[in-house]
Amino acid sequence: MPELPEVETVKRHLISEVVGKTIVSVVYRDKRLLKGITTKKFSELVEGKKIERIIRRGKVLILGIKESGFIIIHLRISGWLIVSKKEEKFARVLFCLDDGRFINFCDQRVLGELKFSFNWQDLPIIKKMGQEVFDLDSKAFIALFGNKKSKIKPLLMDQHFLAGIGNIYAQEAVFCAGVHPGRQSNDLSPKELSKIYQCLKKILSKAIEKKGSSVDTYRDGEGKKGEYAELLKVYQRQNLPCVKCKTKIIKETIGGRGTCFCPRCQN
DNA sequence: AATGGGACCTGCGCGC
DNA sequence: TGCGCGCAGGTCCCAT
């Protein structure tokens, strides 16, 4: 599911709902989510401790635990977090809080990751991660993309290069900018790169405002669907008319991932 | 440096 | 109605 807007939505929800709460116990319905640590050790490190703060870096969620360390959550493809009074469908790990509610770590495909770290900034996934989109200005974005030979759409999704963009928003951004997803990044003019940058910021901001996109199983922290899905212009719109020119949207595999685009608007 | 394929997983929707 | 197949928002690892 989750790209930057969805993870940011979950983060904001957790900040308002669970910061200050104590994790009474952790229930493991499926241990495979837990990486690099035993359930016993994980429980020892977090049970009875207070959730102090919530951080997002790229698509990674970090829960600061008072006088302990950090719970690291990666939702990968089908993971999501729901704060509620009951055990939700596909709940793989449940954090039982002192107010009687649970943070449900739900994950249909069990590809998500739950870790513990004493120093989250030293995690390989964090160390290797590119900059946040919102930390870049137009000039820095153009400089970054201007000397890379990769195809633009897969490059936008490369977390080592730029953090937070996935298959939905990469497609939306290049559509918005009128750029073919298979174009080489270093062949794009500064004007085209600038346009992609502006589109990306606009789309991500709007998606955060709408609490993400709900294609398939994704839900925000309350278990509600995000509202950005209805604003998507090309993602999963193959064979439907382009919203700008009515040409049929096509779908191709680019960089190993399904990619929808308008063959007329995107050059 | 860039790209492609496979692996990790489950479950949904579709066509027959 | 039932079954097999393809496909899915991510990331890592390996080979070329």
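Below, chains carry the letters A, B, ... as their sequence lines are ordered, and counting in each starts from 1. Everything numeric in this text was worked out from a predicted model, so none of it was measured.
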Does A:Q159 reach a base, just sugar-phosphate, or nothing at all? Heavy atoms under 4.0 Å.
sugar-phosphate

For B:dC9, what is the paired nucleotide under Watson-Crick or G-U wobble rules, both distances under 3.5 Å?
none

So, is A:R32 near the phosphate of B:dT10, with a side-chain N or O under 4.0 Å from OP1 or OP2?
yes

So A:G166, base contact, sugar-phosphate only, or nothing? Heavy-atom distance under 4.0 Å.
sugar-phosphate

Separation between the C1' atoms of C:dC3 and B:dC8, rounded to whole Å:
25 Å

Sugar-phosphate only, base, or nothing, as touched by A:K251 at under 4.0 Å among non-hydrogen atoms
sugar-phosphate

Taking atom C1' of C:dG10 as reference, at what distance in whole Å does atom CD1 of A:I165 sit?
14 Å

So what does A:K89 hit on the nucleic acid, given a heavy-atom distance under 4.0 Å: a base, only sugar-phosphate, or nothing?
sugar-phosphate

Between atom CD in A:E3 and atom P in C:dA8, what is the gap in whole Å?
14 Å

Quote, to the nearest angstrom, the P distance that separates C:dC13 from B:dC9.
15 Å

Flag for A:K149-A:S185: side-chain donor and acceptor within less than 3.5 Å:
no

Can you tell me how far P of B:dT3 sits from CG of A:N186, to the nearest Å?
10 Å

Tell me whether A:K50 at atom NZ has more than 12 heavy atoms from other residues, nucleotides or ligands lying less than 6.0 Å away.
no

Could you tell me whether the SG atom of A:C199 lies less than 2.5 angstrom from the SG atom of A:C176?
yes

Does a nitrogen or oxygen in the side chain of A:H74 sit under 4.0 Å from OP1 or OP2 of C:dG10?
no

Nearest listed nucleotide, side chain of A:N167, among C:dA8, B:dG11, C:dG10
C:dG10

A:K128 NZ to C:dC13 P: how many Å, rounded?
6 Å

Quickly work out the A:L33 CG to C:dT11 P distance and round it to whole Å.
16 Å

Whole-Å gap separating P (B:dT10) and CZ (A:R92)
8 Å

Got more than 12 heavy atoms from elsewhere within 6.0 Å of NZ, A:K66?
no

Using a cut-off of strictly less than 4.0 Å, decide whether A:K151 has a side-chain nitrogen or oxygen near OP1 or OP2 of B:dA2.
no

A:R29 and A:V93: side chain to side chain contact (heavy atoms under 4.5 Å, CB included), yes or no, with the steps?
CA-CA 6 Å; A:R29 296 287 184 232; A:V93 176; over 6 Å; no

Whether A:H160 contacts C:dC12 is assessed here as follows: a side-chain N or O lying under 4.0 Å from the phosphate OP1 or OP2. Is that the case?
yes

Of the listed nucleotides B:dC9, C:dT11, B:dA2, the one nearest the side chain of A:K59:
C:dT11

Checking B:dT3, B:dC12, C:dC7 against the side chain of A:S150 (C-beta onward), the nearest is B:dT3

On DNA chain C, nearest-nucleotide positions of A:R109 versus A:P124: which is more 5'?
A:R109

Could you state the atom-to-atom distance from CZ of A:F161 to C1' of B:dT3 in whole Å?
16 Å

Is the distance from the ring center of A:F145 to that of A:Y197 below 6.0 Å?
no

Please determine whether a side-chain nitrogen or oxygen atom of A:K148 lies at a distance below 4.0 Å from atom OP1 or OP2 of B:dA1.
no

Between A:R257 (CZ) and C:dC7 (P), how many Å, whole number?
13 Å

